[in-house]
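The residues of the chain are indexed from 1 along the displayed sequence.
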Amino acid sequence: MSMNTVYAAGEPARTEVDALGGPTVLEFGAPWCGHCLAAQPLIEAAFDGHPKVRHLKVEDGKGRPLGRSFGVKLWPTLVFLDEGREVARLVRPGQAAQIRDALALIDPSA
């Protein structure tokens with residue numbers, strides 16, 4: 001597993017996300033979002049050394065049930081899950097270190 005660079009065409013159902021095993025990061029945003037684009041180098045740098053973490057880029061927007069179920073208001077929002085449970089959340093992270101710290105909570109072996 002590794003970092004995704006493309007938003008998924010479809011989003012998984014919340015029940016699928018809740019059932020995911022292992023460490024997972026949900027990244028909510030949009031390909032045209034300036035804040036999302038600016039965060040990509042930070043996210044990429046933070047993911048280096050965390051090959052076991054599943055990364056799902058979810059294109060969010062009006063009427064998108066997964067983002068609403070997580071209460072996403074601003075992009076990008078990173079939700080850090082361990083065995084389908086939310087452990088941490090970052091909204092518009094400004095430093096790779098913030099992302100690395102949250103990744104360490106779900107992937108301590110790295």
- From CZ (Arg92) to CD (Gln98), nearest 0.5 Å: 13.5 Å
- Heavy-atom pair with the smallest gap, counting every atom of Gly67 and Asp60: CA-OD1, 3.6 Å
- When rounded to the nearest 0.5 angstrom, what is the spacing between CD in Gln95 and CG in Leu90? 11.0 Å
- Task: Kindly give the heavy-atom pair with the smallest separation between Val17 and Pro12, and that separation in Å.
- Result: CG2-CG, 3.7 Å
- Query: Are Ile43 and Phe80 connected, step by step, through hydrophobic side chains (Ile, Leu, Val, Met, Phe, Trp, Tyr) whose heavy atoms are closer than 4.5 Å?
  - Reply: yes
- Query: Checking Arg100 side chain against Asp48 main chain: does a donor-acceptor pair fall under 3.5 Å?
  - Reply: no
- Message: Quick check: is Leu42 connected to Ile106 through a chain of hydrophobic side chains (ILVMFWY, heavy atoms under 4.5 Å apart)?
- Response: yes
- Message: Measuring only between side-chain heavy atoms, which start at C-beta, is Leu26 closer than 4.5 Å to Thr77?
- Response: no
- Could you point out which residue of Thr24, Leu81, Leu66, Val79 forms a side chain to side chain contact (heavy atoms under 4.5 Å, CB included) with Leu56? Thr24
- May I ask you to decide if Gly21's main-chain N or O and Arg54's side chain share a donor-acceptor pair within less than 3.5 Å? yes
- Does the side chain of Pro65 come within less than 4.5 Å of Arg14's, by heavy atoms? no
- Query: Shortest non-hydrogen contact from Phe70 to Glu86?
  - Reply: CD2-OE1, 3.9 Å
- On a heavy-atom basis, the closest approach of Ala88 and Ala102 is CB-CB, 4.2 Å
- Common cluster, Ile99/Val91, ILVMFWY with side-chain heavy-atom separation under 4.5 Å: no
- Query: Under 3.5 Å, is there a donor-acceptor pair between the side chain of Gln40 and the main chain of Leu37?
  - Reply: no
- Task: Supply the atom-to-atom distance Ser69 OG to Glu11 CD, rounded to the nearest 0.5 angstrom.
- Result: 8.0 Å
- Please report the shortest heavy-atom distance between Asp82 and Pro23, naming the atom on each side. OD1-N, 4.3 Å
- Query: Is there a side-chain contact between Tyr7 and Glu27, using heavy atoms and a 4.5 Å cut-off?
  - Reply: yes
- Item | Close side-chain approach of Phe47 to Val25, heavy-atom, < 4.5 Å | yes
- Please report the closest heavy-atom contact between Cys33 and Cys36, naming both atoms and the distance. SG-SG, 2.8 Å
- Query: Do Phe28 and Glu59 have side chains that get closer than 4.5 Å, going by heavy atoms?
  - Reply: no
- Item | Single-linkage hydrophobic cluster Val6~Trp75, side-chain heavy atoms < 4.5 angstrom | no
